[in-house]
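Just so it is clear, the model here is predicted, and its values are computed rather than measured. Starting from 1, each residue takes its place in the sequence as its number.
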Amino acid sequence: MTTHLTHWGAFEADSDGDRLTAVRPWRGDPEPMRLIENVASAQHHPTRVDQPYVRQGWLERGAGAAGRGDEPFVPVSWETALDLLAGELGRVYREHGAEAVYGGSYGWASAGRFHHAQSQTHRFLNCLGGYVRHVNSYSLGVSQVLMPHVLDHLGVVLERATSKTVLAEHTDLVVAFGGLSPKNAAVAPGGVSRHNTRGWIGAARARGCRFVSITPLRDDIPVEAEAEWLAPRPGSDTALMLALAQVLDAEGLADKAFLDKYTVGYERFLGYVRGETDGIVKSPEWAAALTGLPAERIRTLAREMASARTFVTVSWSLQRAQYGEQPLWLGVVLAAMLGQIGLPGGGFGHGYGSTANVGEPAREFSPPRLPQGLNGVDTFIPVARIADMLLNPGQPFEYDGQHLVYPDIRLVYWAGGNPFHHHQDLARLREAFARPETVVVHDPFWSSTARHADFVLPSTMTIERDDFGAGENDCLLFPMKAITRPHGKARDDYAIFSELAERLGIGKEFTEGRTADEWLRHLYEEWRLRHNLPDFDTFWASEHIELPVPDPQQILCADFRADPEQFPLSTPSGKIEIFSETIDGFGYADCPGHPTWFEPEEWLGAPAAAEFPLQLVANQPRSKLHSQLDVGAYSQSTKVAGREPVRLHPADAAARDLHDGDTVRLRSKRGSCLAGLIIDDGVRQGVAQLSTGAWYDPDPTNPAFCRHGNPNVLTPDRPSSTLSQGCTGQLSLVEIERYDGVAPDLAVNRPPATVQEAAQHLP
């Protein structure tokens with residue numbers, strides 16, 4: 001029996017050397033997750049990449065996009081694949097320079113600190129001279145830009161978030177905008193040792209804490225919360241929060257002393273709330289017309305918040321939408337108006353229920369990691385703008401007060417992650433991926449991204465290599481010993497890059513003369529000597545070691561509250577910025593200097609709802625992490641007739657004469673997809689919930705039609721605002737109808753077409 005680590009938990013496994021014969025959640029996890037079931041069943045699935053492949057057209061015609069995503073692949077030897085790829089990398093760097101290479105490699109990839117695909121890729125490309133990079137993430141693109149202007153750097157807000165144990169002991173009322181989703185809290189970057197979401201919520205409730213979950217989905221909070229469920233129209237949270245602020249102001253419930261001492265710009269914001277700047281008082285009656293919630297419940301909720309130790313938390317989902325800055329900013333403003341920021345059990349939180357690590361007290365120091373070196377290229381894009389970059393080289397764009405230009409990308413190098421999962425408007429992304437001259441992908445599986453590549457190099461799963469790992473803010477560091485041999489001819493990313501580096505004359509710079517095992521020992525020993533921890537051999541023989549946590553009862557902004565002069569925030573003023581002079585100075589019409597209500601282009605109050613009368617909520621799946629291991633047994637068990645399930649309220653299903661188990665077509669302005677219907681009154685009327693994560697399976701004649709149920713053929717590829725250029729994949733308008741006739745076969749559960757005879761074209 002061997003203990004191993006994934007992003008969704010630690011597990012114990014038995015192996016015969018070739019495959020896992022038994023997989024169990026780690027015995028130390030109080031709330032184990034069924035996602036573990038995907039690991040063993042996926043390892044030798046037919047969609048594992050068994051050897052290197054090169055797209056047929058690339059072999060026959062050389063670098064160029066024609067046929068990408070449509071043509072078959074040719075199996076080749078490692079020697080051939082690496083020789084060809086080294087030649088192509090040399091050509092692109094020589095002829096076009098490092099600014100023509102995009103080192104995408106965005107995504108969770110696999111757990112483990114050394115075999116971290118993104119770090120490996122970036123270290124390799126930096127040795128060649130650099131690459132165009134991305135900043136921010138699809139999950140938090142808005143937050144990463146807005147928070148430093150308003151409250152603090154996002155890393156501080158997340159890593160120093162008030163401990164869940166403090167909330168369980170001190171909070172009287174949790175108002176959760178976007179809920180506290182137990183499925184999202186099952187995962188964390190790098191891993192989770194002990195899941196505890198149901199535990200802390202249950203303990204708080206047992207003590208008398210009340211929970212109000214504000215979301216279109218009833219199950220966005222554990223049953224232990226016994227929560228009141230308020231379901232405003234999706235996209236209207238900003239209006240609701242403005243009305244809460246209006247009541248706090250009008251009834252004298254705002255903490256004026258706190259606002260005067262710890263914030264700036266409150267009076268500017270009040271002018272808007274009171275209607276002095278636009279003639280519209282942001283009252284509960286005004287908000288009721290937008291949200292669909294009763295005005296009196298909005299009013300009484302504001303009073304309840306002011307009369308209790310209240311914790312205001314905003315999920316990541318709310319900022320993954322058009323104008324996503326506004327509800328996030330208002331969460332901070334409401335907490336400031338209540339005057340409880342920095343107090344035990346009160347204040348503001350961002351991401352409780354969005355990931356397991358938020359609310360875990362910060363470690364004294366982080367685990368070791370592979371150094372990536374220096375990037376010789378300054379050019380970057382916000383990560384959610386990849387299609388814009390590939391389709392519009394040389395075009396200017398704005399981002400966080402900067403005037404930037406999209407580079408001309410000739411080669412995309414991707415290891416870890418799947419942009420055909422994360423990105424929106426997949427038909428447009430497919431068009432964008434057809435532009436570069438060469439696309440290279442390392443992947444254990446024939447993912448959607450691998451199927452749109454020219455070079456597909458098979459990489460190992462974590463269970464097939466040695467590593468060590470710990471999740472963000474997790475205090476346990478696990479040795480991650482290889483449990484089985486690699487599948488087929490798969491190699492780890494370090495081995496692939498080492499051989500490429502030798503061919504390109506940068507071998508010594510990339511490897512520093514070390515094997516992967518030597519790197520593990522070197523990184524650990526160098527790190528542990530600084531922190532007085534056990535030596536490598538002792539660590540490697542253990543199940544895990546524990547990292548110190550200096551303040552288990554940490555409270556966000558406690559030092560700032562105690563002494564704002566000695567412990568200022570990282571905002572320009574050093575205080576909470578309810579009005580931001582910096583943001584206002586950018587002059588962005590879609591994100592002014594204080595929180596503002598903007599009507600989204602796609603919501604149930606928009607004219608477009610006449611044609612598309614359902615609000616799609618494209619949230620995270622419960623049976624997998626993003627799209628990882630979608631072919632695994634647990635993920636497959638949740639499908640309906642082999643397709644991703646879509647949930648619909650009984651009244652909406654009846655109006656369309658739809659029944660449980662029907663194969664249905666969802667359509668939007670951008671495309672359509674098939675899904676299997678589940679009727680559920682836990683979904684707000686007027687809402688369709690279809691999680692992301694189904695591997696994109698485009699119809700061969702229509703890339704805007706996914707046969708498998710990927711909602712990102714439906715979602716818009718537009719930025720949240722000019723400020724953040726963040727992702728807006730959470731919401732869009734759709735219609736649903738029964739799919740008549742025989743549903744088309746799926747292609748994603750088997751490998752793509754390959755041709756042996758094309759090998760004759762090899763040089």
Side-chain angles (χ1 to χ4, degrees), residues 134-162 176-178 189 237-238 241 262-266 269 311-321 323-337 341-342 347-355 357-359 362 382-384 399-402 472-473 554-561 564 567-586 588 590-596 719-728 730:
H134 74 259
V135 297
N136 307 332
S137 71
Y138 282 91
S139 296
L140 283 163
V142 168
S143 307
Q144 287 161 313
V145 176
L146 179 69
M147 282 288 99
H149 292 293
V150 173
L151 183 63
D152 215 325
H153 291 300
L154 186 63
V156 174
V157 175
L158 300 184
E159 293 171 17
R160 302 299 306 175
T162 300
F177 292 94
D237 298 84
T238 296
M241 297 163 97
Y262 297 101
T263 76
V264 296
Y266 179 58
F269 170 69
F311 189 69
V312 178
T313 178
V314 178
S315 77
W316 295 356
S317 59
L318 265 64
Q319 51 91 60
R320 293 183 65 247
Y323 312 121
E325 292 82 2
Q326 307 311 315
L328 177 58
W329 199 342
L330 278 164
V332 176
V333 172
L334 286 173
M337 293 179 73
I341 292 175
F348 171 76
H350 184 38
Y352 293 80
S354 297
T355 182
N357 60 295
V358 175
V383 68
Y399 165 75
D400 197 17
Q402 301 174 65
E472 289 186 2
N473 264 28
Q554 71 182 26
I555 299 168
L556 181 65
C557 297
D559 289 343
F560 168 68
R561 185 184 185 100
F567 301 104
L569 304 176
S570 61
T571 60
S573 65
K575 296 184 177 183
I576 299 166
E577 301 215 356
I578 295 175
F579 179 91
S580 167
E581 294 282 359
T582 301
I583 293 176
D584 191 59
F586 296 154
Y588 298 147
D590 54 2
C591 190
H594 61 70
T596 304
S720 173
S721 75
T722 311
L723 176 74
S724 68
Q725 296 286 346
C727 155
T728 60
Q730 188 76 13

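- Judged by distance alone, the side chain of Ser580 and the main-chain N or O of Gly593 form no donor-acceptor pair under 3.5 Å.
- Using modelled atom types, one side-chain atom of Gln144 and one backbone atom of Ser137 make a donor-acceptor pair closer than 3.5 Å.
- Between the side chains of His350 and Thr313, no donor N or O sits under 3.5 Å from an acceptor N or O.
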Practice prompt. Dump the intermediate steps for side chain to side chain donor-acceptor pair (under 3.5 Å) on Asp400 and Tyr588, then the final yes or no.
Written response: CA-CA 10 Å; Asp400 197 17; Tyr588 298 147; over 6 Å; no
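- Here the side chains of Pro719 and Thr728 are not in contact, with every heavy-atom distance at 4.5 Å or above.
- We find the NE2-CG distance between His153 and Leu569 to be 10.5 Å, quoted to the nearest 0.5 Å.
- Taking 4.5 Å as the limit, every side-chain heavy atom of Pro595 sits out of range of all side-chain heavy atoms of Val332.
- The closest donor-acceptor contact from the side chain of Glu577 to the backbone of Gly265 lies at 3.5 Å or more, if one exists at all.
- Rounded to the nearest 0.5 Å, atoms CZ (Arg561) and OH (Tyr262) are 5.5 Å apart.
- Across Pro382 and Gln725, no two heavy atoms sit closer than the pair CG-CB, 3.7 Å.
- For the pair Ile576 and Ile341, the minimum side-chain heavy-atom distance is below 4.5 Å.
- Side-chain atoms of Gln326 come within 3.5 Å of backbone atoms of Thr596 as a donor-acceptor pair (strictly under, hydrogens ignored).
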Exercise. Can Phe579 and Val264 be said to form a side-chain contact (heavy atoms from CB on, under 4.5 Å), step by step?
Worked result: CA-CA 6 Å; Phe579 179 91; Val264 296; over 6 Å; no
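- The minimum heavy-atom distance linking Lys575 with Phe560 is given by the pair CA-CZ, 4.2 Å.
- At least one side-chain heavy atom of Leu328 sits under 4.5 Å from a side-chain heavy atom of Met147.
- Residues Ser720 and Ala321 come closest through the heavy atom pair OG-O, 3.1 Å.
- Taken from CH2 in Trp316 to SG in Cys727, the straight-line distance is 13.0 Å, to the nearest 0.5 Å.
- Distance check: Ile578 CD1 to Trp329 CH2 gives 10.0 Å after rounding to the nearest 0.5 Å.
- A 4.5 Å side-chain heavy-atom check between Val142 and Tyr323 finds every atom pair outside the cut-off.
- A side-chain donor-acceptor contact under 3.5 Å links Glu325 and Ser724.
- Residues Ala384 and Gly726 share a closest heavy-atom pair of CB-C, 4.3 Å.
- Between Leu151 and Val156, every side-chain heavy-atom pair lies at or beyond the 4.5 Å cut-off.
- Using modelled atom types, one side-chain atom of Gln554 and one backbone atom of Glu159 make a donor-acceptor pair closer than 3.5 Å.
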*Take Thr238 and Leu330, measure what side-chain contact (heavy atoms from CB on, under 4.5 Å) needs, and give me the verdict at the end.*
CA-CA 7 Å; Thr238 296; Leu330 278 164; 3.6 Å; yes
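- Using a distance-only test at 3.5 Å, with no hydrogens or angles considered, a donor-acceptor pair links the side chain of Gln319 to the main chain of Ser139.
- Taking the six-membered ring for Trp, Phe348 and Phe311 have ring centres at least 6.0 Å apart.
- Two residues are said to be in side-chain contact when any heavy atoms from C-beta on lie closer than 4.5 Å; Tyr266 and Val333 fail this criterion.
- Pro592 and Ile583 get closest at one heavy-atom pair: O-CG2, 3.4 Å.
- At least one donor-acceptor pair closer than 3.5 Å links the side chain of Thr162 to the backbone N or O of Leu556.
- Using modelled atom types, one finds a donor on one side chain and an acceptor on the other under 3.5 Å when comparing Ser317 with Ser315.
- Considering only heavy atoms from C-beta on, Val135 stays 4.5 Å or farther from Val383 through its side chain.
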- Item | Stepwise side-chain contact (heavy atoms from CB on, under 4.5 Å) test for Tyr399 and Val145 | CA-CA 9 Å; Tyr399 165 75; Val145 176; 3.5 Å; yes
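- Here the closest heavy-atom approach between residue Asp237 and residue Pro327 is recorded as CB-CB, 4.4 Å.
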